[in-house]
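Side chains are part of it too, since the values below use all heavy atoms of this structure and drop only hydrogens, waters and symmetry mates. Counting starts at 1 for both ligands and their atoms, in listed order.
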Amino acid sequence: MRPFTYTSATNKEQALKASTKTSHYLAGGTNLVDLMKEDVERPDQLIDVNKLDYKKITSNEKGGLSLGAMLSNAETANHPEIRTNYPLLSMAMLSAASAQIRNMASNGGNLLQRTRCPYFFETSMPCNKREPGSGCGALKGMNALHAIFGYSDNCIATNPSDMNVALAAIGATVEVQKKDGSSRMIEFTDFHRLPGDKPEKDNTLEQGELITAIHLSKPEFSDHYYYLKIRERSSYAFALISVAAGLQVKSGVIAKAGLAMGGVAHKPWKLSKAEEFLVGKKPNKSKFEAAADLAMKDAKPFEANKFKVEMGKNAIVRALTQAYEREA
Ligand SMILES: Cc1cc2nc3c(=O)[nH]c(=O)nc-3n(C[C@H](O)[C@H](O)[C@H](O)COP(=O)(O)OP(=O)(O)OC[C@H]3O[C@@H](n4cnc5c(N)ncnc54)[C@H](O)[C@@H]3O)c2cc1C
Ligand code: SF4
């Protein structure tokens, strides 16, 4: 690991003032420190933000809850109000990593965790995300785990977070503090970006911006929800494909649907067309299959990850079925 200096901030002003182009905020460290050990991330300064007072869950003006950015994934997922009102989020978060990692990992850090593309971790291989302009090792290499939507020739990586998929399905905004002391809100669907010709940039944060909260929309899917995560082993593994499904059913008809997929794109992949299609329909297998066909219609897989298209359709149907049949 390369040498770096360590600063512990006790308030946001200190953290923002200390940040530079080459520094990183340090939350749980479960992703950043791993990447520093692999020589992928090379900050010259770590600004520890764990003492900042963003560790609460509070009510917000949208009738939803706001999650402090420095609250741990475990405390968030197990919070009684999250379990009751946002069980889809809780279920997705509890499917991630292990109990030990969820205790350390923060909500802000989870949003910013980096891809698990093996070429990104291997510094002897080309990778435009790690080293812009060096090429993409995965494009013609081992890409069974890679994207089938929204990629470019510069990068075909996927976003690995489970929490992100649930947030895309239920709706949220991210509050960030800017270096000049002001704050701004970013719609969750605009927070992560597609690779385009800047694959080194995973999200729309500007240099030095500090995430302080994630504001959840009012709860809509507390009765009918399911997070389906398909992975190579049942614990401690990232999703090959995941689906977050929430349904609001009124008088036997779908009044609202929240649907997003993980493991298929550079950002959590919101299935807006399928969501719209489901509204006004009676929930049943043929409608779920039609929604899944619509969702996967524009997939552009590689030879090695063609399986994701069929798997994705089946996963959507299964997640919607489980969500609908779930007893509240
Ligand atoms: C073995 C293993 C298995 C895993 N399995 C899964 C899984 O199945 N599903 C899943 O979703 N995740 C999984 N993870 C990833 C884990 O969830 C993330 O590492 C974690 O959420 C990152 O949070 P952190 O607080 O540790 O972030 P850190 O590692 O501290 O930081 C990550 C990045 O976010 C930045 N950052 C942190 N907080 C802020 C802030 N408030 N404002 C601005 N920037 C900030 C840091 O500078 C850094 O760039 C796994 C991790 C490991 C090690
Ligand atoms: S897919 Fe993206 S992260 Fe993976 S090697 Fe290509 S550029 Fe790097």
Side-chain angles (χ1 to χ4, degrees), residues 9 12 15-16 19 23-36 40-41 43 45-50 52 54 68-74 76 92-98 100-122 125-143 145-147 151-166 174-177 195 198-200 202-203 205-214 229 231 233 235-239 242 262-263 266 268 302:
K12 72 172 183 213
L16 291 164
S19 109
S23 67
H24 265 303
Y25 295 123
L26 174 72
T30 61
N31 190 224
L32 178 58
V33 177
D34 273 4
L35 291 169
M36 288 169 67
V40 174
E41 297 278 16
Q45 183 191 195
L46 290 187
I47 305 160
D48 191 331
V49 291
N50 283 291
L52 271 56
Y54 298 113
M70 282 79 187
L71 192 64
S72 75
N73 287 178
T76 305
M93 292 179 82
L94 292 174
S95 77
S98 65
Q100 292 94 326
I101 290 172
R102 294 194 297 269
N103 282 337
M104 287 300 293
S106 66
N107 293 332
N110 195 320
L111 261 49
L112 297 181
Q113 64 174 291
R114 307 215 68 193
T115 184
R116 292 277 155 176
C117 171
Y119 297 91
F120 177 67
F121 276 79
E122 178 47 69
M125 300 300 284
C127 172
N128 287 324
K129 187 177 280 300
R130 177 173 28 78
E131 203 178 323
S134 64
C136 170
L139 192 61
K140 293 197 170 134
M142 289 163 58
N143 51 29
L145 305 178
H146 288 70
Y151 56 80
S152 72
D153 280 355
N154 296 308
C155 180
I156 59 171
T158 57
N159 182 297
S161 162
D162 293 296
M163 181 184 188
N164 284 343
V165 184
V174 182
E175 182 169 354
V176 303
Q177 298 292 315
K198 276 201 172 33
E200 67 276 19
D202 295 345
N203 53 62
L205 279 185
E206 283 159 25
Q207 191 256 310
E209 285 187 329
L210 177 72
I211 304 174
T212 52
I214 301 163
K229 179 172 178 178
R231 47 187 155 175
R233 54 177 192 267
S235 166
Y236 224 26
F238 290 88
S242 66
H266 197 258
F302 296 88

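Within a 6.0 Å radius of CG in Asp153, other residues, nucleotides and ligands contribute 12 heavy atoms or fewer.
Short contacts between ligand 1 and Lys229, defined as distances under 4.0 Å to a heavy atom of the residue, involve ligand atoms 7 (C), 8 (O), 9 (N). Listed by number with element, the atoms of ligand 1 under 4.0 Å from a non-hydrogen atom of Asp34 are 53 (C). Proximity to Ala96 (heavy-atom distance under 4.0 Å) selects the following atoms of ligand 1: 7 (C), 8 (O), 9 (N), 10 (C), 11 (O). Below 4.0 Å from some heavy atom of Asn73 lie the following atoms of ligand 1, by number and element: 21 (O). If you number the atoms of ligand 1 from 1 as listed, the ones under 4.0 Å from a heavy atom of Gly28 come out as 24 (P), 25 (O), 26 (O), 30 (O). Within ligand 1, the atoms closer than 4.0 Å to a non-hydrogen atom of Ala27 are 25 (O), 30 (O), 37 (C), 38 (N), numbered from 1 in the order shown. Atoms of ligand 1 lying under 4.0 Å from at least one heavy atom of Glu209, given by number and element, are 43 (C). Residue Asn110 approaches ligand 1 through these ligand atoms, each under 4.0 Å from one of its heavy atoms: 17 (O), 21 (O), 22 (C), 23 (O).
Scanning the protein heavy atoms around atom 41 (N) of ligand 1, the nearest turns out to be Ile211 O, 3.0 Å. Scanning the protein for heavy atoms near atom 1 (S) of ligand 2, the closest one is Ile156 N, 3.2 Å. The protein atom (non-hydrogen) at minimum distance from atom 7 (S) of ligand 2 is Asn154 O, 3.3 Å. Protein heavy atom closest to atom 26 (O) of ligand 1, with residue, atom name and distance, is Thr30 OG1, 2.6 Å. From the protein, the heavy atom lying nearest to atom 7 (C) of ligand 1 is Ala97 N, 3.2 Å. Looking only at protein heavy atoms, the nearest one to atom 46 (C) of ligand 1 is Tyr25 O, 2.9 Å. The protein atom (non-hydrogen) at minimum distance from atom 30 (O) of ligand 1 is Gly29 N, 2.7 Å. Ranking the protein heavy atoms by distance from atom 9 (N) of ligand 1 puts Asp162 OD2, 2.7 Å first. Of the protein's non-hydrogen atoms, Phe238 CE2, 3.2 Å is the one closest to atom 13 (C) of ligand 1.
Remark: the backbone N or O of Ala27 is paired with a side-chain donor or acceptor of Asn50 at under 3.5 angstrom. The backbone N or O of Gly208 sits less than 3.5 Å from a side-chain atom of Tyr25, completing a donor-acceptor pair. With hydrogens and angles disregarded, a donor-acceptor distance shorter than 3.5 Å links the side chain of Lys229 to the backbone of Ala237. Between the side chain of Asn154 and the backbone N or O of Asn128 there is no donor-acceptor pair closer than 3.5 Å.
Leu111 has its side chain within reach of Val174: a pair of non-hydrogen atoms, C-beta onward, lies under 4.5 Å apart. No side-chain heavy atom of Met104 sits under 4.5 Å from any side-chain heavy atom of Ser72. Between Ser152 and His266, every side-chain heavy-atom pair lies at or beyond the 4.5 Å cut-off. Residues Phe121 and Thr115 fail the side-chain proximity criterion, which asks for heavy atoms closer than 4.5 Å. Residues Tyr54 and Val49 have side chains not in contact (no heavy-atom distance under 4.5 Å, counting atoms from C-beta outward). Taking the side chain as every heavy atom from C-beta outward, Glu41 and His24 approach each other to under 4.5 Å.
Nearest heavy-atom pair across Ile47 and Ala9 is CG2-CB, 4.2 Å. Minimum heavy-atom separation, Thr212 to Gln177: CG2-CG, 3.4 Å.
Checked by atom type, the side-chain pair Ser161/Asn110 shows a donor-acceptor distance below 3.5 Å. If you check the side chains of Asp202 and Asn159, you find no donor sitting under 3.5 Å from an acceptor.
The shortest N/O to N/O separation between Leu112 and ligand 1 does not fall below 3.5 Å. Considering both main-chain and side-chain atoms, Met104 never comes within under 3.5 Å of ligand 1 through any nitrogen or oxygen pair. Looking at Ser95 next to ligand 1, no N or O pair under 3.5 Å apart turns up. Polar contact with ligand 1: absent for Met163 (N/O pair, distance under 3.5 Å). The distance criterion of under 3.5 Å between nitrogen or oxygen atoms is met by Leu32 with respect to ligand 1. The N/O atoms of Asn31, backbone and side chain alike, include one that comes under 3.5 Å of an N/O atom in ligand 1.
Residues satisfying the side-chain contact (heavy atoms from CB on, under 4.5 Å) criterion with Phe238, sequence neighbours excluded, are Gln113, Arg116, Pro160.
Among Thr30, Asn107, Asp162, Asn103, the one residue that satisfies the side chain to side chain donor-acceptor pair (under 3.5 Å) test with Asn73 is Asn107.
For Ala237, every heavy-atom contact with ligand 1 shorter than 4.0 Å involves the backbone, none the side chain. Contact annotation for Arg116 and ligand 1: only side-chain heavy atoms (C-beta onward) come within less than 4.0 Å of the ligand. Under 4.0 Å from ligand 1, the heavy atoms of Ile101 that appear belong solely to its side chain. Within the 4.0 Å heavy-atom criterion, the part of Met70 lying near ligand 1 is the side chain and not the backbone. Neither the backbone nor the side chain of Leu139 has any atom closer than 4.0 Å to an atom of ligand 2 (non-hydrogen atoms only). At a 4.0 Å heavy-atom cut-off, ligand 1 does not touch Ser98 at all.
Of the inter-residue distances, the one linking Leu205 atom CG with Leu210 atom CG reads 9.5 Å to the nearest 0.5 angstrom. A distance of 11.5 Å separates CD in Glu209 from CD in Glu175, rounded to the nearest 0.5 Å. Atom CE of Met163 and atom OG1 of Thr76 lie 6.0 Å apart (nearest 0.5 Å).
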Would Arg114 and Lys129 count as a side chain to side chain contact (heavy atoms under 4.5 Å, CB included) if you check the C-alpha gap in whole Å, the side-chain angles of each, and the deciding distance to 0.1 Å? CA-CA 10 Å; Arg114 307 215 68 193; Lys129 187 177 280 300; 3.6 Å; yes
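Around atom 8 (Fe) of ligand 2, the protein N, O or S atoms found under 2.8 Å comprise Cys127 SG.
The option from Gly108, Ala15, Ser19, Gly109 that lies nearest to atom 23 (O) of ligand 1, judged by heavy atoms, is Gly109. The residue among Met36, Gln113, His24, Arg102 with a heavy atom at the shortest distance from atom 15 (C) of ligand 1 is Gln113.
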